[in-house]
Structures are given as structure tokens and as C-alpha cells.
Amino acid sequence: MADGEVVSGSADNQEVAPSGKKSGRASLLDSGEDFEMLEDVEEDVDDDLPPLEDAGGGKKKNNPTKDATKADACPDQTPPAEPEEWLDVLGNGQLRKKVLEPGAGPDSRPQRGQNVTIHLKTSLTDGTVVEELPNLSFTLGDGDVLQGLDLTVQLMEMGEKALIEAGAKYTYGALGSSTPPVPPDADLILEVQLLSADDAPDLELMPPSERISLANRKRERGNVHYQRADYAFAVNSYGIALQITEASFRVDISQQEEEELLDMKVRCLNNMAAAQLKLDHYEAALRSCVSVLAHQPDNVKALFRKGKVLALQGKFAEAIKTLKGALKLEPSNKTIHAELSKLVKKHSEEKGAEQAMYKKMLGNPSNASVQKHRAKSSWSLSWKWLFGATAVAIGGVALSVVIAARN
């Protein structure tokens, strides 16, 4: 199979930094599903953030004599500090937002689908800064960045600076991350400032090379989600990449660019089929495989996954035929060999079980045949005896008639 189409293998400590940069790739095999692994670019780590405390939380010890004098002179001069307001974004306490500096008003909030640029500083809850990106750009709502970040930036005003407390569920989860260095199950503090928001470019007017590059970035983000077992997010990213490849053109495109765009579409469909299989969405996975084979009938990955889907649907004969077609294209592929052998054995066992069930339902055919043969033989003997007796009787009557006539 060609390298660089699908993500597989362990996803431990693998994550793309929100900047979306990558430095290399490697190919692994997980039940025949090989995805390219995206290695991260290390970012500089700045000094630690100051301790996160509520304003007015730290109070100095007062001199009792001095305080008594002040109280007598001006008893209402030191009102209690006002509590800071946190917005519980999802209502579960796992994603909270607090405004540090207000923005330009609610009407300036960005919309889903716009390209936004933010200044991002990421810290652990102990104040350790793990990453700072002064100009991070992404498409809002496309899943290009951490889920907690994607959800809260939609609530920010232009120019606003906010503090975000995000639980591990909405950041790097149980796997953590190697770049930036985030431990497993770590909650994060995100300091964000919204710098700009612009409408996404018209795909139909986008130069083909830029469109191919954009589709590839979305596909790679889907690969990251796949590695982290976030298969629904992976399907979403692959779907966005497909929409980019399938949009019509109002600019000139060369034959080579058309072929590159088709290749990108096929890779996205193959990756999507793998993610749909993980979600047990068999019909959707089958449609993705069929779409690939419509463009490339000899695509081994699509044939392999189609065979797996058909087997999972119980269509063993068709699955075996499909896997044999894949094996014919790559006779030395051990993964296909193993899957085909397992499927043939399972199909044989299924047939044996069906035959045993039919015998149990209908009885033992061999015993029935013997009994039928015995019954037939018994009837045959009875009829022969009856015919013989009748013949003797008729012969006796005829002899009696002859004797009587002579007399």
C-alpha cells in the first residue's frame, strides 16, 4: 500500500501544535490501516505566568490600633472586593472563561467558518508555561485546534483578552502531548487575545495549489484526531477536506493539478473509511470505499477495507472475493493474507454451523432414507405376496372349472 494516506498505530504523546506545523512522517500498520504520523515542531517556552489569584485575594495584616482609628474616622472606606465573574461555557464546570480585558462589543464576535488570529499562552495549573504562540491562525469551528479553544474563541470580542480554564477532556485528554509538553489528564490555563477575524476565501477562486495545500492541512488534522482515537472529529476534518477538493473551479487548472486534487480526494476518502470503521458506521465506510474504487479500481487500501466492511456485515462470500482481488494486486501483503485466512476459516465455521442447524431442524436425512427404503421394501414384499396368492387362487378356480367340464 502507498505510504502517507492513513494514520494508524499508537497515538501516545502525539499531537500537532495548534500552529499546524509538522516536520516529518512515519508509517505504521494497524490491522492494515497505515496513517502518517505527524511530528510536532517544538516551540520556545517563556517564563512562568504569575500565580493565578483573584484580584484583592491577598490582604496585608492590619495594625489594630491604626485600623480602629481609621474606622472611627471613616467606617465605610474599605468595601469588600467584588468577586471575578467566570462564564461556565458548557455548564459542567470543565470549560470556564473570564474576561481580562474587554473587547469591541458583542457585534465584533467572530463567526464559525471565519479565519481568526489569536495570541495564545498555554500553561499548566501550577503556572508552568508550556507554549506561547503570538500569531496562531485557524478556521473557527473546523476543529483545527483544541476543542476548548475552538469553543471559547467564538464567545470573544475583537481585541478581548480572556483567561480560559479547560479540563483535560477539552484539551489533550488522557494521552497528553509531547509537543507542547503536557502530561496525561492535565487541565490547562489558556490566556487568549483575539487579534483578527476575516471571512474565509472563496474556494472557487482559490488557486489550485493553495486549495490542495488547504485540503492537506485539514486531512492532517484529521490524522491527529485519528491517532488520539477521536474518530468523530477525524471524520469531520476529513469531510471538510473533501468539500475543499470537490468545490468547482472558476480559475484555470492544469492536468497535473487535477490529478493532485483527485489524489488528495482519494486519500481523504480512504482515511475517512478507516475512521468510520472505528465508529462501526459500516454503511458509511462502504460508501467511502466505493467512492475510492470508482476513481481507482485497483486501490488496495479501499479493497481491503471494503472486504472488512462486507465481512462485518456478514457478507462473507463477497468479502472473500474482494480480499482476493486485493491480494492479487499485492501478493506479498501479510496483512491481507492474515485477514483473508481468518475470514475463510470463519466462513467455513459459519457454514458448518448452518448445516448442523438444518440437520437438527429437519432430522437426520440418512436415517430417514433408510427408514423410507425399509418401508418401500416392506410394501414391495406385501404386494408380491398378494399377487402370488391371487395367481394361485385363480389357477385353482380354473382347474376346478376344467375338471367339472370333463365330468
Side-chain angles (χ1 to χ4, degrees), residues 1-8 29-36 141-143 203 211-212 214-249 258-330 333 335-336 339-340 342-343 346-347:
M1 299 182 185
D3 292 335
E5 286 192 11
V6 196
V7 184
S8 101
L29 194 63
D30 172 20
S31 299
E33 298 170 5
D34 51 314
F35 288 78
E36 59 187 18
D142 275 10
L203 290 176
R211 191 192 287 197
I212 294 169
L214 178 60
N216 190 52
R217 289 198 299 272
K218 302 296 184 182
R219 183 187 65 85
E220 288 177 343
R221 185 61 187 173
N223 291 355
V224 173
H225 289 308
Y226 186 98
Q227 293 171 34
R228 303 187 67 82
D230 294 329
Y231 302 119
F233 286 108
V235 169
N236 179 68
S237 294
Y238 296 140
I240 294 171
L242 278 174
Q243 291 176 4
I244 295 170
T245 63
E246 293 173 346
S248 59
F249 278 96
E258 284 185 355
E259 293 175 357
E260 291 178 4
L261 203 61
L262 177 60
D263 180 65
M264 180 60 59
K265 179 179 179 180
V266 166
R267 296 168 75 183
C268 291
L269 284 167
N270 258 332
N271 290 15
M272 180 177 281
Q276 289 164 336
L277 265 173
K278 294 291 187 181
L279 293 169
D280 296 335
H281 295 170
Y282 301 141
E283 286 296 333
L286 184 60
R287 286 195 298 270
S288 297
C289 294
V290 170
S291 296
V292 172
L293 296 172
H295 297 293
Q296 296 179 359
D298 292 337
N299 189 292
V300 176
K301 288 181 181 178
L303 287 170
F304 176 78
R305 292 194 182 97
K306 181 182 177 182
K308 290 184 68 174
V309 172
L310 291 170
L312 290 168
Q313 292 179 326
K315 302 174 183 178
F316 296 111
E318 192 175 350
I320 291 172
K321 180 181 178 181
T322 303
L323 288 177
K324 284 182 177 179
L327 190 62
K328 185 177 180 181
L329 295 169
E330 288 191 9
N333 192 304
T335 304
I336 301 176
E339 189 71 22
L340 184 57
K342 181 176 69 175
L343 185 55
K346 187 174 182 179
H347 186 36

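The structure presented is a predicted model; accordingly, all values stated were derived computationally and were not measured. Residues take their numbers from the sequence shown, with the count starting at 1.
We find that Lys265 and Glu246 are joined by a salt bridge, their nearest charged nitrogen and carboxylate oxygen being less than 4.0 Å apart. Between Glu318 and Lys321, none of the side-chain N atoms (NZ, or NE/NH1/NH2) sits under 4.0 Å from a carboxylate O, so this pair counts as no salt bridge.
Atom CE of Met264 is separated from atom CG of Leu242 by 10.5 Å, given to the nearest 0.5 angstrom. Distance NZ/Lys315 to NZ/Lys306: 9.5 Å, rounded to 0.5 Å. Atoms CG and CD, on Asp263 and Glu259 in that order, are 9.5 Å from each other to the nearest 0.5 Å. Lys218 NZ to Ile240 CD1: the interatomic distance, rounded to the nearest 0.5 Å, is 5.5 Å. One finds the CD1 atom of Ile336 at 6.0 Å from the CG atom of Leu327 (value rounded to the nearest 0.5 Å). With values rounded to the nearest 0.5 angstrom, Leu279 atom CG is found 11.0 Å from Met272 atom CE.
Listed here is the closest heavy atom pair of Ala273 and Ala285: O-CB, 3.8 Å. Counting all heavy atoms, side chain and backbone alike, Asn236 lies closest to Asp142 at ND2-O, 3.7 Å.
Cation-pi geometry between Arg211 and Phe249 is met: the NZ or CZ atom falls under 6.0 Å from the ring centre, inside 45° of the normal.
Annotation: side-chain hydrogen bond (donor to acceptor under 3.5 Å, both in side chains) contacts involving residues 279-292, sequence neighbours excluded, comprise Gln276-Ser288, Asp280-Tyr282, Glu283-Gln313.
Under the 3.5 Å distance criterion, with hydrogens and angles disregarded, a donor-acceptor pair is assigned to the side chains of Arg219 and Asn216.
At distances below 3.5 Å, not a single donor-acceptor pair connects side-chain atoms of Ser237 with backbone N or O atoms of Ala234. A donor-acceptor pair is defined here as one N or O able to donate and one able to accept, closer than 3.5 Å; such a pair exists between the side chain of Arg221 and the backbone of Gly143. Counting only distance, with no hydrogens or angles, the side chain of Asp230 and the backbone of Phe233 share no donor-acceptor pair below 3.5 Å.
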